[in-house]
Each structure stands twice: as C-alpha cells, then as structure tokens.
Amino acid sequence: MLDKISFEIGDKKMNFEKVENKYRPMPFWSWNARLDVEETKRQVKLMSQAGLGGFFMHARGGLQTEYMSEDWFSNVEASIETAEETEEN
C-alpha cells in the first residue's frame, strides 16, 4: 500500500488527493431509454460524486426519446449545466 499521496519526479509533482478532472475516467454514457431531465441531473451528480471526470453521452439502441428532439436537447442542456454546477462545488 502506498502511504504517500503525492510524488515528485524531477520538477514535476503529482498530487493524487486532488486529481484534475481531465485526468479522471470519463465513461461513455449510453442513453437508451426514455430521457427525463430530473433523472439526467441525478445521474450527472452521481457520476461526479463517484469521482468521474466527465462523460460522453450518446444515443444507443432502445432510446425512447426522439433523437435530436426538443426533449433530447433539454436533457443535453441539463447534463451540461449540472456538470458545470457539480464541478464548481
């Protein structure tokens, strides 16, 4: 087990206690059901709490919300806004 949370190599230092989002895992987030704005926000918050650095949302087979519809874009907007809010906290 490592007992240090930061390491120095030459003039570079990496602190593993607070890793920037760009270095964290970013999963493909399959949208394959009926989209719901409140559920989308909830899932974004859960991904943030789990320590993920972001996500790539994409439509998959089984999507019940019309692709590129007003409902689709409402969920896209909700996911982006919620991700920005959780990053600030």
Side-chain angles (χ1 to χ4, degrees):
M1 181 172 139
L2 297 174
D3 58 353
K4 293 179 74 175
I5 56 173
S6 65
F7 295 90
E8 291 184 42
I9 300 174
D11 62 346
K12 305 278 188 217
K13 183 174 182 177
M14 183 66 177
N15 182 346
F16 291 98
E17 186 173 350
K18 178 117 174 95
V19 178
E20 294 179 60
N21 281 350
K22 65 183 178 180
Y23 298 115
R24 294 178 181 213
M26 294 185 197
F28 283 105
W29 183 18
S30 298
W31 284 6
N32 60 350
R34 168 107 14 232
L35 299 179
D36 174 76
V37 168
E38 292 307 312
E39 178 62 15
T40 296
K41 291 178 183 180
R42 185 186 77 81
Q43 290 185 25
V44 170
K45 290 174 187 173
L46 287 174
M47 286 188 274
S48 176
Q49 291 168 3
L52 298 176
F55 48 83
F56 299 94
M57 55 201 158
H58 62 100
R60 299 296 293 176
L63 180 65
Q64 297 170 7
T65 300
E66 185 180 347
Y67 182 64
M68 304 291 277
S69 67
E70 187 174 325
D71 286 341
W72 166 270
F73 282 110
S74 293
N75 281 273
V76 170
E77 183 177 2
S79 65
I80 293 168
E81 289 174 356
T82 305
E84 289 173 343
E85 290 168 8
T86 57
E87 188 174 311
E88 293 173 4
N89 295 327

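Because only heavy atoms are used, hydrogens play no part in the values below, and waters and symmetry mates are left out as well, while side chains stay in. Since the model is a prediction, treat every value here as computed from it, not as a measurement.
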Short side-chain to backbone donor-acceptor contact, Arg34 and Gln64, under 3.5 Å: yes
Ser79 side chain to Val76 backbone, donor-acceptor under 3.5 Å: yes
Arg24 side chain vs Val19 backbone, donor-acceptor pair below 3.5 Å: yes
From Asp36 atom CG to Arg42 atom CZ, the distance as rounded to the nearest 0.5 Å: 10.0 Å
Inter-residue atom distance Leu35.CG - Leu63.CG, 0.5 Å rounding: 5.5 Å
Smallest separation among heavy atoms of Gly54 and Pro27, with atom names: O-CD, 3.3 Å
Hydrophobic cluster membership, Phe55 vs Tyr23, 4.5 Å side-chain cutoff: no
Donor-acceptor contact present, side-chain Ser48 to main-chain Val44, <3.5 Å: no
Pairwise distance CD(Gln43) to CH2(Trp31) - rounded to 0.5 angstrom: 9.5 Å
Tyr67 with Phe56, same ILVMFWY side-chain cluster at under 4.5 Å: no
Exceeds 12 heavy-atom contacts within 6.0 angstrom, atom CD of Glu66: no
Trp29-Ile80 co-clustered via ILVMFWY side chain contacts under 4.5 Å: yes
Rounded distance [0.5 Å steps], CG in Leu46 versus NZ in Lys41: 14.5 Å
Validation row: Met26, Leu52 side chains within 4.5 angstrom (heavy atoms): no
Under 3.5 Å donor-acceptor, Asn75 side chain and Val37 backbone: yes
